[in-house]
Enquirer: 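Structure incoming, see below.
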2 protein chains.
Amino acid sequence: MKNNQQRMVWALEVCERSRMRPTPIRQKILEFLADRRVPTSLEVVMREGVQGKCSETTAYRTLMLLKELQIIRQVSFPKKTSYFVLNIPGESSHFLVCQSCREVTELPVSESARELDREISASRGYSQIYHDLEFFGICPACQKQPARARCPNAPLSNPLVSKTQTVTNGVKY
Amino acid sequence: MKNNQQRMVWALEVCERSRMRPTPIRQKILEFLADRRVPTSLEVVMREGVQGKCSETTAYRTLMLLKELQIIRQVSFPKKTSYFVLNIPGESSHFLVCQSCREVTELPVSESARELDREISASRGYSQIYHDLEFFGICPACQKQPARARCPNAPLSNPLVSKTQTVTNGVKY
DNA sequence: ATACTTGCAAAGCCTTTGCAGATCT
DNA sequence: AGATCTGCAAAGGCTTTGCAAGTAT
């Protein structure tokens, strides 16, 4: 697994090979994403990445551009909003999400997981394989909280889409 | 892995334990989902499941209800629309998606993959763990097609969100 | 000059909800 | 009657695009 600086170097190299202009805004967004180890929404890019120094449209178009160049990829969580992560070749991403507090943790990709890609490739003939693996569960802290922990069969859907929930600086989604 | 009939039996049992009324529409939708081995959108439920015999609102609310009862779960693909699959306890779902033709294939869940849940549970203290695992790649047929196969570095984003693409009877998304 | 970027505003599209009528117990 | 369903229509919310102005080569 690459460290954040290596991630940025890789991303810049791919950028240079394209005709994309390295504007300050784009560099800022790229740098921000290279420093994040978890999928990041447009909203967070705006607030924490560029801090309102560009329009949402521009940030959005930058993300789309980076996606076209395959520098980032769109990651899927059961929500309406999209999340993006660096698309480093051969680096699949594994995340652990607490269904109660929404905290997202990055997990290292084990060799056995990488092996899965090769297996699929060999048995099904697919090329350019990567995978997304997301674990969902209840974190230790939330298990101790009475509200959610004591009713494990309570509907999860409402808390999951809670409108009052704010995306904090932490790695939540 | 359960067969389709066993899936339906399981789903009906969970339904009976709730105060939900087993209306014809709901049974129809449940039956349809039990017969699908891949995540299914509201649109497909409308067209193929109930064939327009109820409003989109009702189908939508049925899906939300089933989700609250944890009979189905919302699965995530990098698209705006939501997809749903039966949430059979202990059955995580693995899918293989062709990024070119969008065909979705269900993959069996290996014992080693199940083991992952236990590992996470043990090492991180999370409870009620399940996971979603999606593989993305280019299927053999598409590799042979010149248009996409010959430019493996072509932007994937546009084809992925193509507006002219129609969801067929096959398992595409 | 020409091509690329940016921002505003508007349009799109899927999701979600209010409310009244229909249905079941 | 009382509690549930259903459908229409409208509201929401994130995503996407048209167009004109700004910026770099």
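Chain identifiers are assigned alphabetically (A, B, ...) following the order of the sequence lines, protein sequences preceding nucleic acid strands; residue numbering begins at 1 within each chain. Fair warning: this is a prediction, and the values are worked out from it, not measured in the lab.
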Enquirer: For dT15(C), does either OP1 or OP2 sit under 4.0 Å from a side-chain N or O belonging to T81(B)?
Expert: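 For dT15(C), neither OP1 nor OP2 has a side-chain N or O of T81(B) closer than 4.0 Å.
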Enquirer: Rounding to an integer number of Å, can you tell me how far Q74(A) CD sits from dC14(D) P?
Expert: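 Computing the Q74(A):CD to dC14(D):P distance gives 15 Å.
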Enquirer: Could you tell me whether the phosphate oxygens of dG7(D), OP1 or OP2, come under 4.0 Å of any side-chain nitrogen or oxygen in S55(B)?
Expert: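 For dG7(D), OP1 or OP2 has a side-chain N or O of S55(B) closer than 4.0 Å.
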Enquirer: Please identify each residue that fulfils side-chain hydrogen bond (donor to acceptor under 3.5 Å, both in side chains) with T23(B), with sequence neighbours left out.
Expert: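 With sequence neighbours excluded, T23(B) shows a side-chain hydrogen bond (donor to acceptor under 3.5 Å, both in side chains) to no residue whatsoever.
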Enquirer: Both I25(A) and L42(B) contact DNA chain C. Taking the nearest nucleotide for each, which residue is further toward the 5' end?
Expert: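 That would be I25(A).
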Enquirer: Taking the side chain as C-beta and beyond, is there a heavy-atom pair between V85(B) and V38(B) under 4.5 Å?
Expert: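 No; the side chains remain at least 4.5 Å from each other.
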Enquirer: Between K79(B) (NZ) and dG12(C) (C1'), how many Å, whole number?
Expert: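 Whole-Å distance recorded here is 15 Å.
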Enquirer: Rounded to whole angstroms, how far apart are CD on E68(B) and P on dT4(D)?
Expert: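 My rounded result for the distance is 13 Å.
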Enquirer: Looking at residues at least two apart in the chain, or sitting in another chain, which of them share a salt bridge (charged side-chain N to carboxylate O under 4.0 Å, His left out) with E13(A)?
Expert: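 Partners of E13(A) under the salt bridge (charged side-chain N to carboxylate O under 4.0 Å, His left out) test: none.
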Enquirer: Once you round it to whole Å, what is the distance between P of dG7(C) and CE of M64(A)?
Expert: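 Whole-Å distance recorded here is 16 Å.
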Enquirer: List in chain and number order the residues that pass side-chain contact (heavy atoms from CB on, under 4.5 Å) with E119(A), two or more places apart in sequence or in another chain; answer none if no residue qualifies.
Expert: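 Per chain and number, E119(A) pairs via side-chain contact (heavy atoms from CB on, under 4.5 Å) with E115(A), L116(A).
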Enquirer: Look at T23(B) and dT4(D) and indicate whether a side-chain polar atom (N or O) is within less than 4.0 Å of OP1 or OP2.
Expert: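 So the side-chain polar atoms of T23(B) never come under 4.0 Å of the phosphate oxygens OP1 or OP2 of dT4(D).
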Enquirer: Without decimals, in angstroms, what is the distance between Y60(B) OH and dC8(D) P?
Expert: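 Rounding to the nearest Å, OH of Y60(B) and P of dC8(D) are 17 Å apart.
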Enquirer: With sequence neighbours left out, what residues match E56(B) under side-chain hydrogen bond (donor to acceptor under 3.5 Å, both in side chains)?
Expert: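 Expected list: none.
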Enquirer: Run the side-chain contact (heavy atoms from CB on, under 4.5 Å) test against L65(A) and tell me which residues pass, sequence neighbours left out.
Expert: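 L65(A) satisfies side-chain contact (heavy atoms from CB on, under 4.5 Å) with M20(A), R26(A), L69(A) only.
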Enquirer: Once you round it to whole Å, what is the distance between P of dC5(D) and CG of L65(B)?
Expert: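 Those two atoms, CG and P, are 8 Å apart.
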Enquirer: Between C1' on dA3(C) and CZ on R19(A), what's the gap in Å once rounded to a whole number?
Expert: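 In whole Å, dA3(C) C1' and R19(A) CZ are 13 Å from each other.
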Enquirer: Mark up nucleotides 18-25 of chain C, 5' to 3', with B wherever a protein heavy atom is under 4.0 angstrom from a base atom, S wherever such an atom reaches only the sugar-phosphate, and - elsewhere.
Expert: B-----B-
Enquirer: Would you check if there is a donor-acceptor pair between the side chains of H131(A) and H94(B) at a distance under 3.5 Å?
Expert: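 Note: H94(B) and H131(A) side chains miss the donor-acceptor criterion.
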Enquirer: Calculate the interatomic distance between E56(B) atom CD and dA9(D) atom P; express it in whole Å.
Expert: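 One finds 14 Å between P of dA9(D) and CD of E56(B), rounded.
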